[in-house]
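In what follows, a single structure is set out as structure tokens and then discussed.
On a predicted model such as this, the values are computed, not experimentally measured, just so you know. Below, chains carry the letters A, B, ... as their sequence lines are ordered, and counting in each starts from 1.
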2 protein chains.
Amino acid sequence: MSTAEPVPAPDVVFAALGDPTRLSLVARLSDGQSRSIAVLSADTELTRQAVTKHLRVMEEAGLVEVARVGRESRYTFRPVALDAARAYLEMVSRQWDDALGRLKSFVEE
Amino acid sequence: MSTAEPVPAPDVVFAALGDPTRLSLVARLSDGQSRSIAVLSADTELTRQAVTKHLRVMEEAGLVEVARVGRESRYTFRPVALDAARAYLEMVSRQWDDALGRLKSFVEE
DNA sequence: GAAATACGCAACCATTTTGTTGCGCATTAC
DNA sequence: GTAATGCGCAACAAAATGGTTGCGTATTTC
């Protein structure tokens with residue numbers, strides 16, 4: 001049953017990715033290293049609290065996982081949600097390609 | 001030079017996908033058929049104007065294209081933006097996989 | 001030409017989102 | 001033990017979002 005934690009609906013994941021700040025957080029965390037909020041908000045224009053809020057949104061979307069270690073909250077990237085989003089996009093793409101294929105064979109006959 | 005129309009930044013595309021109504025519009029339009037606003041808003045709970053606004057957002061994100069034909073505005077799916085989004089996700093995934101790979105070989109040596 | 005269809009625009013409203021600041025608490029460093 | 005660090009919570013403000021309604025205009029249809 002892995003870690004339970006169902007992957008949220010695709011639109012939630014996309015919404016979480018649909019913000020420059022959050023997208024850059026994903027990009028940074030996708031190297032596998034977990035980072036504290038302080039570190040993550042260090043080279044941002046934003047406040048620590050603002051970054052915290054963004055991280056909460058990402059957590060709701062299943063994109064990251066948080067674990068308290070000592071006095072800091074370490075956030076870790078979680079690939080499942082992103083895989084789900086990717087699968088969704090591929091599904092739509094496939095439908096599009098199929099439609100193109102049908103059109104083509106219709107024209108050619 | 002194709003049709004110019006540069007693909008917007010990934011976060012804009014993701015934001016456009018990050019809404020259930022818009023996501024279902026994408027799903028419907030990805031069959032290649034262009035549809036009028038009236039048709040698209042027919043089996044929705046929403047007003048025509050609400051759907052119009054969503055379609056505008058999608059157009060800004062490069063997900064659809066609009067063309068006036070007679071008295072109706074036909075919206076057509078446009079795969080480029082979606083491909084860009086997909087490419088972005090794959091980039092992040094690759095970075096994640098690489099990180100895992102490095103970790104694994106480090107542990108194993 | 002009159003009625004019906006399809007739409008655009010603008011104003012407006014409620015809610016959500018994004019961000020801030022202030023404060024208090026736990027944990028670590030010295 | 002005192003100071004510094006890292007964080008959470010709550011209150012607040014501003015802006016963006018998602019939606020509605022009313023009205024005017026162009027295009028078909030009959």
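A donor-acceptor pair is defined here as one N or O able to donate and one able to accept, closer than 3.5 Å; such a pair exists between the side chain of A:R35 and the backbone of A:Q33. Judged by distance alone, with hydrogens and angles left aside, the side-chain atoms of B:R22 form no donor-acceptor pair with the main-chain N or O of B:L25 at under 3.5 Å. A donor-acceptor contact shorter than 3.5 Å links the side chain of A:T44 to the backbone of A:L40.
Among the heavy atoms of the strands lying under 4.0 Å from A:A50 is at least one base atom, whether or not backbone atoms are also near. Within the 4.0 angstrom heavy-atom criterion, only backbone atoms of the sugar-phosphate kind lie near B:S73; the bases stay farther away. Counting any heavy atom pair closer than 4.0 Å across all strands shown, B:T52 reaches sugar-phosphate atoms only and no base atom.
For the pair B:R74 CZ and C:dT5 C1', the interatomic distance rounds to 14 Å; values are reported in whole Å. Here the C1' atom of nucleotide C:dG8 and the OH atom of B:Y75 are 10 Å apart, to the nearest Å. Rounded to a whole Å, the CG atom of B:L46 is 9 Å from the C1' atom of D:dG18. At whole-Å resolution of the value, CZ in B:R71 and P in D:dT27 are 11 Å apart. What separates CG of B:L55 from C1' of C:dC7 is a distance of 12 Å, to the nearest Å. Straight-line distance from the CZ atom of A:R68 to the C1' atom of D:dG8: 8 Å, rounded to whole Å. Rounded to an integer number of Å, the gap from CG of A:D19 to P of D:dA15 is 17 Å. Residue B:E59 contributes atom CD, which lies 10 Å from atom P of C:dG8 at whole-angstrom precision.
The base of C:dG8 is paired with the side chain of B:R48 by a donor and an acceptor separated by under 3.5 Å. Checked by distance alone, A:Q49 brings a side-chain donor or acceptor within 3.5 Å of a matching partner on the base of D:dG8.
B:Y88 and B:F14 have perpendicular rings, their planes meeting at more than 60° on a 0 to 90° scale where under 30° would count as parallel.
In this model, no donor atom of one side chain and acceptor atom of the other lie less than 3.5 Å apart for B:T76 and B:E65.
OP1 or OP2 of D:dT20 lies within a sub-4.0 Å distance of a side-chain N or O belonging to B:T47. OP1 or OP2 of D:dT17 has not a single side-chain nitrogen or oxygen of B:H54 nearer than 4.0 Å. Residue A:R56 has a polar side-chain atom (N or O) positioned under 4.0 Å from OP1 or OP2 of D:dC9.
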